[in-house]
There are 2 protein chains.
Amino acid sequence: MSLYEGGEMARAKRTTKEKLLDAAEKLFARKGYHGTSLRQITREAGVDLALVNYHFGGKEKLFEAVLDRRGAMLNEERLRRLEEVCRAAAPRPAATEAVVGAFFDPILDFLEHAGPGWHSYFSLLAWVNNSPQWGKRLMGKTFNATVKRFIEALMDSLPKAAPEDIYWGYNFLTGALTLSLAETGRLDVLSGGLCRSVDVAALRARLGPFVAAGLRGLAQRGG
Amino acid sequence: MSLYEGGEMARAKRTTKEKLLDAAEKLFARKGYHGTSLRQITREAGVDLALVNYHFGGKEKLFEAVLDRRGAMLNEERLRRLEEVCRAAAPRPAATEAVVGAFFDPILDFLEHAGPGWHSYFSLLAWVNNSPQWGKRLMGKTFNATVKRFIEALMDSLPKAAPEDIYWGYNFLTGALTLSLAETGRLDVLSGGLCRSVDVAALRARLGPFVAAGLRGLAQRGG
DNA sequence: CGGTCTATTGAACGACCGTTGAAGTCTAAG
DNA sequence: CTTAGACTTCAACGGTCGTTCAATAGACCG
C-alpha cells in the first residue's frame, strides 16, 4: 500500500471505526469541535449514533483519535526527510532551505497526491494549532518531539542566530503554514481570483522561499 | 479619551450592551463561537439572559457586533500609519519594512498599552481568520478595503515582484501574525520557557524583520 | 398625577446535545 | 446446534441550548 493511498481505502470496505474517523475528520475540520455533533458525524458515516461511544468511548476520544491517526505518519515522513537532508549535507549542517523543505514537503506532497482525507486532516490541524483551548495539549502530545528535532536543525543551519530568534521564527513559520492549510478561501477573495488557496504547487513555490528568507533575516537582525 | 483607554471604560459605568460585548469578547476568544453559550456570557456580564436578544437580536448578531466594535478603530489606525509612511517616503514608494510596520504596529501598540479587551479581541480575530466557517465572510466585511490598500503599498515597495507573490506573501504575513495573536502558549512550551508568547516587545522585535525579509525573498524568487 | 417609551426580569418553549443500557444480530469456535 | 463474544440497533435519559413573551420596573415629559 502506497503512502499516497490517502487513507480513503478505495475499493476495500471501510470498517465502522474508519467510517467514523473519516466523517469526524471532515466535519470537525469544517465546524470545529463544538460546532459538530455526534449525530451529524454518525449520519455522515452512515452508522448508528451509539457506535461512537462503543468504539471510541466518547466525543473527545473520537476527536483525539482523528488527530492521532495521521499524525504518526506525518512525523515519520518529516523525520525521514530531515535525516536525508542532514546526511546529504554532512559533515556540514543542512541548509535552512533544506530543513524547512523537510518540514513542509511531506504536507504538500500529501495534499497534492493523496485523498481528500488528508485535506480535511490538515485543515483540522490548522484549526487545532490556532485554538487556545486545544492547541497546547494536543499539538504538543503529537508533534513536540519532532518539532524539537527541526528546531535543532534550524539552529545548526543558522549558527549566528540566537535561540530565541529561532523559536520565534518557528512560530512565524508554522503560522504561515497553518493559515495556508486552513482553507478559508480568503486569499482567493483578496486576489480577485488571481491566487487560489487550493493551488498546492503555487504554495509550494512560495512558502519555502518566504520562510527561509525570513529566518535568515531574523538571524541577521540588527547586524 | 485616549486611544489606549482600552475600551474597559475605567470608572465610567458600562452600559448593558458594553457589558455583554466585553463578556462575549472574552469567552468567544477562549472557546470559539459554538463553544460559548449565551448563558455563560450573560452570567459573566452579570445581566439577564434575554437581554442578548433584546439588544443584539441573537447570538450570531452579538458575535458580529463584537468583531465590529474594535475593527473600525484598528482600520483607522492602520490607514493613518500607512499614509504617514507613504507621505514620509514620497515621491518614492514606502519601504517594505515601513509598510509591514504600519500593518503590525497598531496591533502591537494596542496589545502593549491598552486593556485586556484588546487582548481578547485579537485572540478572537486570530480564531476567526483561521476559521473555514467564518473567515471569508467576517474578515472580508471588516478588513478587505484596508488590506487592499496595504497590498498595493507592498506591490509598490517591491516593484519587481509578481502580484501573485505579493498576495501569497500577504497570506504568509497574516498567518505569522495570526498564530502569534492566538495565545495558544505553544511557543512557551517548545522553548522551555525561554520565549513567552505574551511578550509583545519580543514579538515586535522579530515579526517585522522576519516578514520583510520573507517578502524580499519572495520578490527575488528564482532570480 | 397619568402616559409613553425603553429596559429588564423570570419563566417557559421546543430542539438538540452526549451518553447510556437493554435487546438484538452476526460470526466463529466448541 | 450451542455458546461466547464482538458488534450493532433502538429508545430513552437528563441536561443545556437559543429563543420567545408577557409582565414588570424605571425614566422622562405633559
Does anything in residues 185-205 of chain B pair up under ring-ring contact (aromatic ring centres under 6.0 Å, His included), and if so which pairs, sequence neighbours excluded?
none

Once salt bridge (Lys or Arg N to Asp or Glu O under 4.0 Å) is applied, do any residues pair with B:Glu183, and if so which ones, sequence neighbours excluded?
none

With A:Glu112, which residues qualify under side-chain contact (heavy atoms from CB on, under 4.5 Å), at least two apart?
A:Val200, A:Ala201, A:Arg204

Taking only Watson-Crick and G-U wobble pairs with both distances under 3.5 Å, what dot-bracket line describes DNA chain C, where [ ] shows pairs that cross earlier ones and | shows pairs with another strand?
||.|||||||||||||||||||||||||||

Which side-chain N or O atoms in residues 121-129 of chain B pair as donor and acceptor under 3.5 Å with protein atoms at least two apart or in another chain?
residue, atom, partner, partner atom, Å
B:Tyr121, OH, B:Gly71, N, 3.4
B:Ser123, OG, B:Ala182, O, 3.4
B:Asn129, ND2, B:Thr178, OG1, 2.9

Correct closest heavy-atom pair for B:Ala23 and B:Ile41 would be CB-O, 3.6 Å

With sequence neighbours excluded, residues passing salt bridge (Lys or Arg N to Asp or Glu O under 4.0 Å) with A:Asp68
A:Lys141

Protein-nucleotide distance (A:Arg39, atom CZ; D:dC17, atom P), rounded to Å
16 Å

For residues 187-196 of chain B, which side-chain N or O atoms pair as donor and acceptor with protein atoms under 3.5 Å away, sequence neighbours left out?
residue, atom, partner, partner atom, Å
B:Asp188, OD1, B:Ser197, N, 3.4
B:Asp188, OD1, B:Ser197, OG, 2.5
B:Asp188, OD2, B:Ser197, N, 3.3
B:Ser191, OG, B:Leu187, O, 3.0
B:Ser191, OG, B:Leu194, N, 3.3
B:Ser191, OG, B:Cys195, N, 2.8
B:Ser191, OG, B:Cys195, O, 3.4

Could you tell me which residues satisfy salt bridge (Lys or Arg N to Asp or Glu O under 4.0 Å) with A:Arg78, sequence neighbours excluded, listed by chain and number?
none

Heavy atoms within less than 4.0 Å of DNA chain D: which residues of residues 42-55 of chain B have one? Give them sorted by number.
B:Leu49, B:Ala50, B:Asn53

Atom NZ of B:Lys31 and atom P of D:dC17 are separated, to the nearest Å, by 12 Å

Taking ring-ring contact (aromatic ring centres under 6.0 Å, His included) as the cut-off, I'd like each qualifying pair that reaches into residues 172-201 of chain A, sequence neighbours left out, listed once.
A:Phe172-B:Phe210

Going 5' to 3' on DNA chain C, which nucleotide is the first and which the last to come under 4.0 Å of a heavy atom in chain B?
C:dT6 to C:dA12

Could you pull out all donor-acceptor pairs under 3.5 Å where a side-chain atom in residues 49-62 of chain A meets a protein atom, sequence neighbours excluded?
residue, atom, partner, partner atom, Å
A:Lys59, NZ, A:Tyr33, O, 3.0
A:Lys59, NZ, A:Thr36, O, 2.7

